[in-house]
Amino acid sequence: MMPNLRNTNFSFATFLLTGFPGLEWAHCWISLPIFAGYLVAVLGNITILHLVRTENSLHQPMYYFLAILAVTDLGLCMSTLPTVLGVLWFDARAIGLVSCILQQHFLHSFSFMESAVLFAMSLDRLVAIRFPLRYATILSGPHVALAGAVLGLRSAAITAAPSLHLFTFLYCHPGALSHAYCLHQDMIHLACSDTRFNSIYGLCIIMLAMGSDVLFILVSYTIILHTVLTIASARERLKALNTCVSHILAVLCFYVPVLGLSIVHRFGRHASPVVHVFMGTVSVLFPPLMNPVIYSIKTQQIRQAILKVISLGKLQ
């Protein structure tokens with residue numbers, strides 16, 4: 001059911017974003033590494049997309065999934081970049097209700113999308129190692145594109161209901177949001193309406209969506225390990241496992257900061273607010289920053305494509 005927007009005060013609600021409490025004097029200096037991180041993340045993922053589009057050697061299922069991951073990482077970056085840098089550079093802390101709801105919706109949608117794409121990439125590695133002769137047929141370009149579209153729609157759909165429900169709340173509790181961007185859990189803490197639906201729904205989709213993604217990733221790698229151990233040649237076993245290293249590192253770069261942030265929120269109630277802000281910034285910036293770096297260093301084909309582009313640039 002669509003929420004009745006006429007019974008809300010959304011036109012007048014304003015929230016306050018949080019920088020680094022107690023370190024306001026150092027915001028300009030703190031912004032330098034954060035801006036550099038965003039810049040590397042954006043340029044790195046755009047580079048990945050450009051290479052996958054232009055290099056024929058990268059027209060393979062694995063790199064198509066990597067391109068989908070790059071698009072997701074760009075969305076994750078752009079969801080938070082305006083408000084994070086706005087707070088640090090211009091002390092622009094005020095944000096309207098509609099903007100806040102849209103930001104948290106896109107942020108959570110791209111987070112669920114990242115988790116889903118990492119799961120899909122584990123299936124890609126499973127098919128490549130277990131069914132190498134049928135790999136290109138099973139995961140053809142159209143199949144990968146369809147999978148990306150389905151995962152994107154799934155991620156947007158599961159966050160739509162709680163986002164729309166936020167419009168129905170009255171926000172009367174004083175206080176600022178705990179980060180330099182809007183989060184669903186922060187917004188419901190400032191609401192004085194009945195938030196049980198959003199709280200229960202949010203917990204359920206995290207357990208069912210991200211929880212199932214983690215479970216299926218573990219199952220995929222269990223099957224991969226079993227398959228690799230049946231290979232007679234030690235050299236071939238090592239070669240097969242090496243193709244999974246980049247993906248495993250990408251999984252760790254996404255889930256470890258998310259787990260760390262969850263632990264801080266759950267058990268770090270008495271910790272400094274700076275710790276919460278720092279962990280929140282790391283959780284949204286670290287995966288988009290590290291994924292292109294990891295794949296550029298650990299994947300030979302991408303490394304060669306980058307060197308090829310650099311050499312062509314020098315010749316011109």
Subject >> Exercise: identify the closest heavy-atom pair between I48 and S296 >> reply: CD1-OG, 4.2 Å
**OP:** Go through the structure and list residues passing salt bridge (Lys or Arg N to Asp or Glu O under 4.0 Å) with R154, not counting sequence neighbours.
**Re:** D213
Original post:
Once you round to the nearest 0.5 Å, how far does CD1 of I224 lie from NE2 of H247?
Top reply: 8.5 Å
Subject >> Qualifying residues under ring-ring contact (aromatic ring centres under 6.0 Å, His included), relative to Y135, sequence neighbours excluded >> reply: none
Check: residues 155-164 side-chain donor-acceptor pairs under 3.5 Å, at least two apart:
{"unit_1": "S155", "atom_1": "OG", "unit_2": "M113", "atom_2": "N", "d": "3.3"}
{"unit_1": "S155", "atom_1": "OG", "unit_2": "L151", "atom_2": "O", "d": "2.9"}
{"unit_1": "T159", "atom_1": "OG1", "unit_2": "H105", "atom_2": "ND1", "d": "3.2"}
{"unit_1": "T159", "atom_1": "OG1", "unit_2": "S109", "atom_2": "OG", "d": "2.7"}
{"unit_1": "T159", "atom_1": "OG1", "unit_2": "S155", "atom_2": "O", "d": "3.2"}
{"unit_1": "T159", "atom_1": "OG1", "unit_2": "A156", "atom_2": "O", "d": "3.2"}
{"unit_1": "S163", "atom_1": "OG", "unit_2": "Q104", "atom_2": "NE2", "d": "2.8"}
{"unit_1": "S163", "atom_1": "OG", "unit_2": "H105", "atom_2": "ND1", "d": "3.1"}
{"unit_1": "S163", "atom_1": "OG", "unit_2": "T159", "atom_2": "O", "d": "2.8"}

**OP:** Name all residues meeting the ring-ring contact (aromatic ring centres under 6.0 Å, His included) criterion together with F106; count only those two or more places apart in sequence or in a different chain, and write none if there are none.
**Re:** none
**OP:** Considering non-hydrogen atoms only, spot the tightest contact between P292 and P288 and give its length.
**Re:** CD-O, 3.1 Å
Subject >> V144 reachable from I138 in the ILVMFWY side-chain graph, under 4.5 Å edges >> reply: yes
Original post:
Among the clusters formed by ILVMFWY side chains lying less than 4.5 Å apart, do L146 and I68 turn up in the same one?
Top reply: no
Subject >> Pairs touching residues 227-238 that satisfy side chain to side chain donor-acceptor pair (under 3.5 Å), sequence neighbours left out >> reply: R130-T227
**OP:** Indicate the atoms forming the closest heavy-atom contact of L49 with A67, along with that distance.
**Re:** CD2-O, 3.3 Å
Original post:
Taking only residues two or more places apart in sequence or in another chain, which ones pass side-chain hydrogen bond (donor to acceptor under 3.5 Å, both in side chains) with Q60?
Top reply: none
Original post:
Do the side chain of E24 and the main chain of G22 share a donor and acceptor less than 3.5 angstrom apart?
Top reply: yes
**OP:** Kindly indicate whether the side chain of L107, heavy atoms from C-beta on, has any atom under 4.5 Å from the side chain of C182.
**Re:** no
Original post:
Is M210 reachable from L153 through a run of hydrophobic residues whose side-chain heavy atoms are each under 4.5 Å from the next?
Top reply: no
**OP:** With sequence neighbours left out, write down each residue that passes side-chain hydrogen bond (donor to acceptor under 3.5 Å, both in side chains) with N291, or none if nothing qualifies.
**Re:** D73, E114
**OP:** Return each pair, listed once, that meets disulfide bond (SG atoms under 2.5 Å apart) where at least one residue sits in residues 24-98; pairs must be two or more places apart or across chains.
**Re:** none
Original post:
With Y181, which residues qualify under ring-ring contact (aromatic ring centres under 6.0 Å, His included), at least two apart?
Top reply: H179
Subject >> Same apolar cluster: M121 and I223, side chain cutoff 4.5 Å >> reply: yes
Subject >> Sub-4.5 Å side-chain heavy-atom contact between L66 and L58 >> reply: no
**OP:** Could you tell me which non-hydrogen atom of S178 sits nearest to which non-hydrogen atom of T18, and how far apart they are?
**Re:** C-CB, 4.0 Å
Original post:
Do the side chains of F254 and M290 get nearer than 4.5 Å, heavy atoms only?
Top reply: no
**OP:** Identify the two heavy atoms, one from V87 and one from G19, that lie closest to each other, and give their separation to 0.1 Å.
**Re:** CG1-CA, 3.6 Å
Original post:
Taking the side chain as C-beta and beyond, is there a heavy-atom pair between L76 and T72 under 4.5 Å?
Top reply: no
**OP:** Check L118 against V251 and note the closest heavy-atom contact, atom names and distance.
**Re:** CD1-CA, 4.1 Å
Original post:
Could you give the distance from OG (S115) to CZ (F112), rounded to the nearest 0.5 Å?
Top reply: 8.0 Å
**OP:** Just grab all the ring-ring contact (aromatic ring centres under 6.0 Å, His included) pairs involving residues 23-76, residues at least two apart or on different chains.
**Re:** F35-W89
**OP:** Please report the C-alpha distance between Q301 and E55 in whole Å, then the side-chain angles of each, then the deciding distance to 0.1 Å, and finally whether the side-chain contact (heavy atoms from CB on, under 4.5 Å) criterion is met.
**Re:** CA-CA 10 Å; Q301 289 88 336; E55 292 294 324; over 6 Å; no
Original post:
After noting the C-alpha distance and the side-chain angles of R303 and K298, does the key distance pass the side-chain contact (heavy atoms from CB on, under 4.5 Å) rule?
Top reply: CA-CA 8 Å; R303 191 166 62 247; K298 299 296 296 182; 5.9 Å; no
Subject >> Separation of T83 OG1 from L17 CG (nearest 0.5 Å) >> reply: 5.5 Å
Subject >> Spacing of CG belonging to L126 relative to CZ belonging to F216, to within rounding of 0.5 Å >> reply: 12.5 Å
**OP:** Evaluate the side-chain proximity of V228 to L238: yes if any heavy-atom separation is below 4.5 Å, no if none is.
**Re:** no
**OP:** For residues 267-312, pull every pair meeting ring-ring contact (aromatic ring centres under 6.0 Å, His included), keeping only residues two or more places apart or in separate chains.
**Re:** H265-H276
Original post:
Atom CZ of R53 and atom CG of L51: how far apart are they, to the nearest 0.5 Å?
Top reply: 10.0 Å
**OP:** Say whether F90 and L81 are linked into one hydrophobic cluster, either directly or through other cluster members, by side-chain heavy-atom distances under 4.5 angstrom.
**Re:** yes
Original post:
Can you find a pair of side-chain heavy atoms, one from T168 and one from S193, that are under 4.5 Å apart?
Top reply: no
**OP:** Please round to the nearest 0.5 Å and tell me the distance separating atom CG of L241 and atom CD1 of I248.
**Re:** 8.0 Å
Original post:
Hey, are the side chains of I217 and V214 touching, using non-hydrogen atoms and a 4.5 Å cut-off?
Top reply: no
Subject >> ring-ring contact (aromatic ring centres under 6.0 Å, His included) partners for F20, two or more places apart >> reply: none
Subject >> Note, L177 side chain near L190 side chain (heavy atom, < 4.5 Å) >> reply: yes
Original post:
Relative to each other, are the rings of H184 and H108 parallel, tilted or perpendicular (30° and 60° limits)?
Top reply: perpendicular
